[in-house]
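Worksheet for the structure shown next.
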Amino acid sequence: MPERAPILAANWKMHKTVSETEEFLDEFLGNVPDGPEVVICPPFLALGAAVARCADGPVRVAAQNMHEEAEGAFTGEVSAPMLLELGVDGVILGHSERRQYFAESDEALARKVPVALDAGLEPILCVGENEAQRDSDETEGILTRQIEADLANVGEERLGDVVIAYEPIWAIGTGRTATPEQAQEAIALIRGLVEARSGEAAAAIRVLYGGSVKPDNAGELLSQPDVDGALVGGASLDPGDFAAIIDAAR
Ligand code: PEP
C-alpha cells in the first residue's frame with residue numbers, strides 16, 4: 001500500500017492583491033512546517049508573484065480554475081498552457097462556487113480534468129453535496145454522480161494522479177464543519193468509487209476534506225484514515241492559521 005503524502009491547499013478565492021500575496025508569502029514561507037505538501041491557490045493576477053516568491057522552495061502554486069481549450073474566443077478565461085508558462089503546477093477544478101455561480105458543469109469538468117493532467121497540471125477536483133441533499137440522504141448519489149462524470153475521461157493509469165477534495169457545500173465558509181466521522185465516511189466512499197475502476201489508483205489517490213477547517217479542528221479531521229489533507233478557504237488567508245493547520249497534518 002503506497003504511503004500517501006498529505007496535501008494542504010490554500011484556496012484564497014477572490015482574496016489578496018499581488019502585494020498582499022507577497023506580504024503573506026514573506027511571512028509564511030519562513031514558517032512552513034516540514035512534511036505535508038503545501039499548495040497556495042491565489043487569484044489569477046497574483047499567480048506570477050506567488051510563483052516567483054515560491055521558486056526553489058517546497059511550496060507549490062495552483063490556479064483556481066482553467067478553460068479546457070488551449071486558446072480561443074473565450075473572453076475572461078485562462079488556459080493550461082498559460083498557467084504552465086507562468087510556472088503554476090496545479091489547478092482547482094469544479095469548486096462548488098464555480099458550479100453554483102458560474103454554471104460549471106460535470107460535462108465541462110469531464111473535459112477539463114484530462115486536459116489538466118495531460119498538460120502536467122495537478123488537478124484538485126472538488127465534489128460535495130449541499131445541505132438539502134445531505135438532509136434527504138442523497139450524499140452518496142451526488143458524490144457517485146460527480147466522481148463518475150468528472151473522471152469519465154481519465155484513464156485508469158492516470159486516476160491516481162488526480163487530487164479530489166470532498167467539500168460538503170453546507171460546510172464551506174459557514175463555520176459548520178463536517179464531523180471527522182462524516183468526512184471519513186464520505187471520503188471512504190469516494191475512494192471506493194475510484195477502487196471500482198482501479199485498486200492501484202484508489203490506494204494512491206489523495207482525497208482531501210474541505211469546509212471550515214481551522215487550526216482547532218484540523219487535527220481531528222486530518223487524523224481520519226482516508227483523509228489525505230485539506231483544502232482550506234478562510235483560515236488559509238492568515239499565514240499563522242494556515243501554518244498551524246499544516247502543523248496539525250504532521
Ligand atoms: C473552500 O472554499 O474550498 C473552503 C473549504 O472554504 P472554507 O475553509 O472557508 O470553508
Side-chain angles (χ1 to χ4, degrees), residues 6-16 20-21 24 28 36-44 46-47 50 59-66 88 90-104 109 112-113 116 122-131 133-134 139 142-143 146-147 150 162-180 182-184 186-187 190 206-222 224 226-249:
I7 302 184
L8 279 302
N11 175 17
W12 284 357
K13 314 190 186 199
M14 198 173 70
H15 292 285
K16 296 198 190 291
E20 287 165 346
T21 297
F24 175 99
F28 177 71
E37 290 179 26
V38 178
V39 184
I40 302 283
C41 312
F44 283 134
L47 284 170
V59 173
R60 296 187 287 124
V61 178
Q64 298 174 17
N65 182 34
M66 180 202 85
V88 167
V91 60
I92 298 175
L93 293 173
H95 190 278
S96 59
E97 287 151 16
R98 295 220 55 90
R99 293 179 190 255
Q100 188 178 348
Y101 305 131
F102 302 99
E104 178 95 290
L109 290 164
K112 290 183 179 196
V113 179
E122 180 174 70
I124 303 177
L125 172 69
C126 301
V127 295
E129 80 288 358
N130 65 29
E131 190 166 27
Q133 290 161 339
R134 174 157 283 263
T139 301
I142 295 293
L143 294 179
Q146 290 179 334
I147 294 290
D150 300 352
V162 178
V163 175
I164 298 174
Y166 167 60
E167 297 213 305
I169 297 168
W170 47 270
I172 295 180
T174 58
R176 201 181 140 199
T177 318
T179 63
Q182 286 171 323
Q184 167 58 27
I187 290 177
I190 291 169
R206 271 94 57 92
V207 190
L208 319 182
Y209 168 76
S212 297
V213 175
K214 309 278 179 231
D216 61 356
N217 61 24
E220 244 196 319
L221 286 159
L222 294 168
Q224 299 301 306
D226 279 292
V227 179
D228 301 318
L231 181 56
V232 185
S236 73
L237 295 170
D238 179 88
D241 284 352
F242 190 44
I245 292 170
I246 297 164
D247 203 32

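Please read all numbers here as calculations on a predicted model, not as lab measurements. Atoms within a ligand are numbered from 1 in the order they appear, just like the ligands themselves.
- The side-chain heavy atoms of I7 and P36, taken from C-beta on, include no pair separated by under 4.5 Å.
- H95 and Q64 share no donor-acceptor pair across their side chains, judged by distance under 3.5 Å alone.
- Annotation: salt bridge (charged side-chain N to carboxylate O under 4.0 Å, His left out) contacts of R206 (sequence neighbours excluded): E37, E122.
- At a 4.0 Å heavy-atom cut-off, the residues surrounding ligand 1 are N11, K13, H95, E167, A171, I172, G173, G210, G211, S212, L231, V232, G233, G234, listed by chain and number.
- Ring geometry for Y166 versus Y209: interplanar angle of 30 to 60°, hence tilted.
- With respect to the salt-bridge test (charged N to carboxylate O, under 4.0 angstrom), the residues K16 and D238 do not qualify.
- Side-chain atoms of W170 and Q133 include no donor-acceptor pair closer than 3.5 Å.
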